[in-house]
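Keep in mind that this is a model prediction, so the values were computed, not measured. Values reported hereafter were calculated over all heavy atoms of this structure, with side chains retained and with hydrogens, waters and symmetry mates removed.
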Amino acid sequence: MGKNIRMKAEGVNFFYGKNQVLKNITLEIHDHAVTAIIGPSGCGKSTFIRLLNRMNELVLNTNLEGDILFDGESIVGDQMDPVELRRKVGMVFQKPNPFPKSIFDNIAYGLQVNGVKDKDLIEKKVIESIKKAALWEEVKNRLHDSALGLSGGQQQRLCIARCLAIEPEVILFDEPCASLDPISTHKVEELILELKKDYTIVIVTHNMQQAARVSDYTGFFYMGEMVEFDKTEVIFTRPRDKRTEDYITGRFG
Amino acid sequence: MKLKFSNIIQVLGFMILRLCMICVLLILVVIFYDIITKGIGVVSWEFITKPPVDGMTKGGIYPAIIGTFFITMITAILSVPLGMGCAIFLNEYARDNGLTRFIRMSIRNLSGVPSIVYGLFGVALFVEGCHFGTSILAAGCTLGLMTLPLTITASEEALKTVPRAYREGSLALGATKWQSIWTNVLPYAVPGMLTGTILGLSRAAGETAPILFTGAAFFLPDVPNSVFSQFMALPYHLYIMSTQHHNISLVRPIAYGTALVLIILIFAMNSIAIITRYHLRKKGIAHG
Ligand SMILES: Nc1ncnc2c1ncn2[C@@H]1O[C@H](COP(=O)(O)OP(=O)(O)OP(=O)(O)O)[C@@H](O)[C@H]1O
Ligand SMILES: [Mg+2]
């Protein structure tokens, strides 16, 4: 495995019951880069990135074949503690899911469950993460109000802040802008580009322009298969597969 | 033309629905009116603080109120933690397989078992099996057993209303399953759990059959002094006053007074449940 490869899927097959939704996926996720995953609805994008932090374990009756590596170590077996893994591989969900707590407590929560007790440290990290998530100006006077009172875009940035607070190494974004307006989307995109300096990022998106704007590598999924994976500029300018070309030019999807 | 016809159907439909509601309301009003008008005359400070005297033809119902209070406490102590624990296990930990489905089905069925059967079972298990004798403890445990299915079902429903996103959200932040349930699921389910539980308890407080053989006494001059004492209870007292007393027509007002006190008590418990839920919901954390 190359030095700058952070995570790797090797021949991954995944089943919900008898229904196979991922077919022989092999894919490398580069360090300090943004990897975009695109493809039509239902092709298995969410399923795939939820494998990277073992979130699919919460779903009953699933079956995984093949291997997934994180820094060269397999994360699929018993030797990897999923709680440890999720500390290092954070996730921001498609639908903003703030907890019904105050803005401050939402972010402090992740620190608390990870054993941080020092109040000053928590406060410092909470403020730091809110600033990093480009949310500070909007919430600095209402940190102790309920997070549910925030707009959708603000909620999503809060969820990003919450994820940043526990200082993961990889961040998985599952269509983070799906329920956001163009302005919020723009903010989140800028944020992702900013985060790339410190984190390894995987983003699922339906928005071609977004993939082109923010990502370094792009993988195109189609009906559970990974049709093509390459540098983003290659995928968008010289796709090798006809299906990729059709998809990015909007001929189907 | 067609539009008009469907309009008539709609008007008729709503009229029938409204009638149904009025019927139900009317029945309730009649019951309450009957009990209140006939009972209000005897309910006084004396009535709720003095024991019965003169062969239960005079005096109050203080021991019965205290008895009902104590057995309800025992019921709560038994069924609340057990019920909630069981619900948490079933909903959060147990895999969905044949065994858990069988357990769930059994719980549903248990809540349909007639209360007199619980009474008999209580005699066998608590009065004789555990040597509790006919006592507050035996009766409370019997009632606890009876409310358990209700508590479990209500608590599980409350847990189901907590969105999956909360669980996934906290797990994704590196919380253990235990932390996630304890800090990010239970706090939002507890209001609903409490509501269901209190409703179950208020039903238990009004039951006669399960305490009939397990510890309720016809008449006691004093309040019980330990959990192994026999006790008087409101519903049983009411039953005696309206069917077993040697002079039923003479004590009719006392029976009505007892009924009124019992209803007020149960009403108060239900109100507590509703108010709790309302407050917690206002704080934005209850979903049920
Ligand atoms: N919990 C589940 N149980 C059973 N099947 C599922 C489950 N989740 C997803 N699937 C199925 O797996 C396939 C892939 O779903 P997935 O959510 O990964 O698609 P996706 O590419 O993320 O789609 P979208 O762009 O619409 O979010 C779909 O056919 C879906 O019906
Ligand atoms: Mg998806």
Asker: Charged N to carboxylate O under 4.0 angstrom, Glu175(A) versus Lys95(A)?
Answerer: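 Salt bridge: no.
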Asker: Does Arg6(A) count as lying over the ring of Tyr199(A), i.e. NZ or CZ under 6.0 Å from the six-ring centre, within 45 degrees of the axis?
Answerer: no
Asker: Cation over ring, Lys177(B) on Tyr93(B), under 6.0 Å and within 45°?
Answerer: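 Yes, a cation-pi geometry holds between Lys177(B) and Tyr93(B).
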Asker: What option among Asp81(A), Val92(A), Ile166(A) has the most heavy-atom pairs under 4.5 Å with chain B?
Answerer: Ile166(A)
Asker: Where on Pro98(A) is there a heavy atom nearer than 4.5 Å to chain B: the side chain, the backbone, both, or neither?
Answerer: backbone
Asker: Could you check Leu199(B), Thr195(B), Leu265(B) and say which one makes a side-chain contact (heavy atoms from CB on, under 4.5 Å) with Asn270(B)?
Answerer: Leu199(B)
Asker: Heavy-atom distances under 4.5 Å only: say whether Arg54(A) touches chain B with side chain, backbone, both or neither.
Answerer: neither
Asker: Relative to chain A, which segment of Arg95(B) carries a heavy atom at a distance below 4.5 Å: side chain, backbone, both, or neither?
Answerer: side chain
